[in-house]
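Since the structure comes first, as structure tokens, the remarks are kept for the end.
Everything quoted here is computed from the prediction, not taken from an experiment. No hydrogens, no waters, no symmetry mates; every other heavy atom, side chains included, goes into these values. Letters A, B, ... mirror the listed sequences (proteins, then strands); counts begin at 1.
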Amino acid sequence: MDVFALFASRVASALKVLYPEVGADLLARIVVEPPRDAAHGDLSTNAAMVVAKPLGKNPREVATALVEHFKHDADVTLVEVAGPGFINFRLADAIWHQVLRSIAAQGADYGRSNLGGGEAVNIEYVSANPTGPMHVGHTRGAVFGDTLASLMAYSGYEVTREYYINDAGSQIDTLARSTMLRYREALGETIEIPSGFYPGDYLVPVGQALKAEYGDKLLAMPEPEATAIVKDRVLAAMLELIKSDLALLNIHHDVFFSERQLHGQGGDIDLTLEWLRSKDMVYQGHLERPKGGDTDGDYEDREQTLFRATNFGDDVDRALIKSDGSYTYFAADIAYHRNKFLRGFKHMINVLGADHSGYVKRLQAAVKAVSLNAADMDVRICQLVRLMKNGEPFKMSKRSGDLVTLADVVEEVGADATRFMLMFRRNDASMDFDFALVKEQTRDNPVFYVQYAHARTFSIFRNAGKELPALDFSAEALKVAEIERIVTSAELDLIRVLAAWPRTVTAAAIAHEPHRIAFYVHDLAAAFHGFWAKGKDDVQLRFVNVEDPKLTLARLALVNAVRQVIVNGLTILGVSAPDELS
RNA sequence: GCGCCCGUAGCUCAAUUGGAUAGAGCACCUGACUACGGAUCAGGAGGUUUGAGGUUCGAAUCCUCACGGGCGCGCCA
């Protein structure tokens with residue numbers, strides 16, 4: 001049950017009765033939301049202000065008519081016009097009791113919606129080059145993408161989590177050559193790693209595995225043949241490395257899409273270019289010298305094959321074929337996104353790092369072109385994460401191959417804290433990640449704070465079992481608890497927070513902003529801790545009342561609802577909800 | 001030079017996507033432990049939302065221009 005959605009439909013039908021001429025487009029702009037200031041009421045709507053102008057009426061006049069209408073609604077105890085034409089509602093306790101019952105009935109599904117209507121959405125995230133282990137820079141996008149995927153799935157979308165493997169570029173040749181050196185090293189040679197090669201020692205085991213499998217036979221082979229073998233082996237090894245890094249954060253993709261499979265004669269890129277040509281989206285032309293960017297001085301004015309990206313909102317048209325005749329990275333990417341579209345995805349989301357912000361427009365142009373505007377592409381940019389320790393920037397070693405890795409971070413602070421902290425911030429602003437803070441078990445640390453709230457619900461049940469050993473508080477018993485006994489404003493306020501969960505999820509899913517889930521869960525934890533502490537001042541507010549088992553049961557139902565919603569939120573975030581903290 | 005993102009309390013961040021008096025935590029000050037684990041809570045103080053215009057019933061949010069910070073710019077990937 002979503003109280004806000006319920007009243008949104010009541011407001012809409014009231015308007016239809018009062019002003020039949022109001023159209024659907026206008027109704028769609030009406031929102032029913034909690035007022036910023038709780039003193040204004042439980043619900044607030046802008047309906048009168050939205051509708052007044054097109055009707056040629058005064059907002060307060062419309063508001064007054066609506067207020068009259070809602071005076072007959074049994075669920076409303078107070079309704080009034082405020083400010084320029086807001087309508088504020090105060091709801092009857094019975095509504096909040098219904099919310100509590102619906103949480104008990106729906107359990108893990110409380111908050112789940114059919115917003116997406118089962119439509120397929122492709123979410124591509126991480127897509128780090130398969131040339132080594134994941135470093136900390138990849139971590140934010142990985143967590144963001146994975147959480148967004150869970151959020152969308154929870155909101156009724158058919159989600160595919162996808163990873164694009166950039167295994168076709170020249171960096172892979174370099175990777176293969178670097179691995180070849182490690183292979184020679186495994187055979188006993190003394191090696192020196194030239195600059196430009198990958199120096200990381202994660203390639204050592206790959207070289208050893210090649211020795212174990214081939215002995216020294218690779219040295220005797222013609223180079224192209226040996227390179228092909230090494231490339232296959234090292235790519236597979238790097239992919240396993242990345243998968244195991246991601247697994248540390250419980251991140252698992254459904255599809256690993258190889259760029260290599262797009263290349264080759266008659267491959268997707270060939271077919272895509274052919275298709276683009278048939279739609280007149282490709283031409284031969286010249287590109288302007290990049291302003292201020294031609295640092296190498298290797299710009300050469302020549303005629304080349306260009307994609308009409310400007311027709312789809314990009315700043316300039318983009319090259320598809322390099323001077324050596326091979327395809328550009330972007331050409332492959334167009335083919336890749338056409339592939340996504342042909343697989344049935346009309347909604348695509350790409351999660352990229354800040355260093356790819358310049359790529360957004362052309363990516364969106366590509367999707368518009370290959371789908372003839374039938375598909376949409378949202379690109380979410382995750383800004384940089386600055387590692388901190390005790391308020392000081394965490395200095396990373398400049399020695400290459402010695403970056404802070406994802407695995408380092410998880411080992412240091414754990415998967416839960418890593419995930420939660422990275423989601424406790426909008427994605428489009430840079431953030432500080434303080435190692436020391438995340439390990440503290442205090443109020444300062446939001447991960448701990450939320451998990452403690454969850455653990456506290458369990459301690460309350462444990463205590464209830466001790467104080468009222470005869471009381472049955474199984475799930476079945478809680479479902480038939482006398483919820484009506486819950487009447488104090490402190491308790492009802494807590495239910496009000498619980499009632500906001502469904503609309504929080506929906507709004508977050510529409511905006512593609514999973515961080516809102518983290519903030520909501522934190523708010524709920526605060527409300528719960530606050531209520532808990534009231535029991536210290538006022539014994540009557542304690543959850544367990546030995547003299548009144550029925551009231552106790554009703555309050556345990558409230559505690560259980562809080563527990564359930566925290567779990568629902570943490571599940572989307574991919575953070576565990578422990579029963580007790582050590 | 002151009003594009004994208006950001007600029008909110010001393011610090012780290014929110015703000016229901018255009019809503020009412022801009023809110024939390026930290027730090028600072030004051031209070032609450034014979035305890036449903038106080039690993040918490042209640043309260044105080046702290047703001048010209050970088051600046052200047054504009055749009056409208058209404059702006060931190062949208063538009064324009066400055067200023068400051070970050071990331072980019074190509075036939076790289």
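Residues from residues 28-43 of chain A that place a heavy atom under 4.0 Å from any atom of RNA chain B, listed by number: A:Glu33, A:Pro34, A:Pro35, A:Arg36, A:His40.
Side chains of A:Arg542 and A:Lys534 form no contact here, defined as non-hydrogen atoms less than 4.5 Å apart.
At a threshold of 4.0 Å, the pair A:Arg362-A:Asp333 does not count as salt-bridged, since none of the basic side-chain nitrogens sits closer than that to a carboxylate oxygen.
With sequence neighbours left out, the salt bridge (charged side-chain N to carboxylate O under 4.0 Å, His left out) criterion links A:Arg426 to A:Asp428, A:Glu513. Every residue was checked against the salt bridge (charged side-chain N to carboxylate O under 4.0 Å, His left out) condition with A:Arg425, not counting sequence neighbours, and none meets it. Looking at residues two or more places apart in sequence or on another chain, you find no salt bridge (charged side-chain N to carboxylate O under 4.0 Å, His left out) involving A:Asp376. Remark: A:Ala128 pairs with A:Val126, A:Met134, A:His138, A:Tyr163 by the side chain to side chain contact (heavy atoms under 4.5 Å, CB included) rule, at least two apart or across chains. Take A:Asn545 and apply the side chain to side chain contact (heavy atoms under 4.5 Å, CB included) test, not counting sequence neighbours, and it matches A:Gln540, A:Glu547, A:Asp548, A:Leu551, A:Thr552. In terms of the salt bridge (charged side-chain N to carboxylate O under 4.0 Å, His left out) criterion, A:Asp268 has no residue partners (sequence neighbours excluded). Contacts of A:Ala527 classified as side chain to side chain contact (heavy atoms under 4.5 Å, CB included), with partners at least two apart in sequence or in another chain: A:Leu494, A:Val497.
Within 3.5 Å, a donor on the side chain of A:Asn88 pairs with an acceptor on the base of B:A20, or the reverse. Evaluation of atom-type donor-acceptor distances gives no pair under 3.5 Å for the side chain of A:Thr328 against the base of B:C75. In terms of polar N and O atoms assigned as donor or acceptor, the side chain of A:Ser44 comes within less than 3.5 Å of the base of B:A20 in a complementary pairing.
Counting any heavy atom pair closer than 4.0 Å across all strands shown, A:Ile510 reaches no nucleic acid atom. Within the nucleic acid shown, A:Ala507 has no heavy atom closer than 4.0 Å to any nucleic acid atom. The residue A:His515 sits close only to the backbone: its heavy atoms come under 4.0 Å of sugar-phosphate atoms, none of a base. The residue A:Tyr359 sits close to a base: some heavy atom pair falls under 4.0 Å.
Minimum atom distance to the side chain of A:Ala455 is reached by B:G37, of the listed B:A20, B:C36, B:G37. With B:G74, B:C36, B:C75 as the choices, the nucleotide that has an atom nearest any side-chain atom of A:Asn463 turns out to be B:C36.
When each of A:Arg362 and A:Asp167 is assigned the nucleotide of RNA chain B with its nearest heavy atom, A:Arg362 is the one assigned upstream, toward the 5' end. Along RNA chain B, the nucleotide nearest to A:His522 and the one nearest to A:Glu467 differ in position, and the one closer to the 5' end is contacted by A:His522.
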- Query: With Watson-Crick and G-U wobble geometry limited to distances under 3.5 Å, how should the secondary structure of RNA chain B be encoded in dot-bracket form, using | for bases paired to another strand and [ ] for crossing pairs?
  - Reply: (((((((..((((.....[...)))).(((((.......))))).....(((((..]....))))))))))))....
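In this structure, the CG atom of A:Asn46 is 14 Å from the P atom of B:U16, given to the nearest Å. Here B:C75 presents its P atom at 16 Å from CD1 of A:Ile269, a figure rounded to the nearest Å.
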Can you give me the N/O atom pairs linking the protein to nucleotides 40-42 of chain B at distances under 3.5 Å, or say none if there are none?
residue	atom	partner	partner atom	Å
B:U40	OP1	A:Arg443	N	2.7
B:C41	OP1	A:Arg443	NE	3.2
B:C41	OP1	A:Tyr449	OH	2.4
B:C41	OP2	A:Arg443	NE	2.8

- Task: Do nucleotides 4-13 of chain B as a string where each nucleotide becomes B, S or -: B if the base has a protein heavy atom under 4.0 Å, S if just the sugar-phosphate does, - if no protein is that close.
- Result: -SS-----SS
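Taking the six-membered ring wherever Trp is involved, the centroid distance between the rings of A:Tyr449 and A:His522 falls below 6.0 Å.
For the P atoms, the distance from B:A45 to B:A22 is 14 Å, rounded to whole Å. Between B:A9 and B:G51, the distance separating the two P atoms is 10 Å to the nearest Å.
Relative to the ring axis of A:Phe4, A:Arg503 places its NZ or CZ within 45° and under 6.0 Å from the centre.
The distance from the OH atom of A:Tyr125 to the CZ atom of A:Phe144 is 11.5 Å, given to the nearest 0.5 Å.
Under a 3.5 Å cut-off, the side chain of A:Asp42 and the backbone N or O of A:Leu91 do form a donor-acceptor pair.
Under the salt bridge (charged side-chain N to carboxylate O under 4.0 Å, His left out) criterion, no residue pair touches residues 450-465 of chain A, with sequence neighbours excluded.
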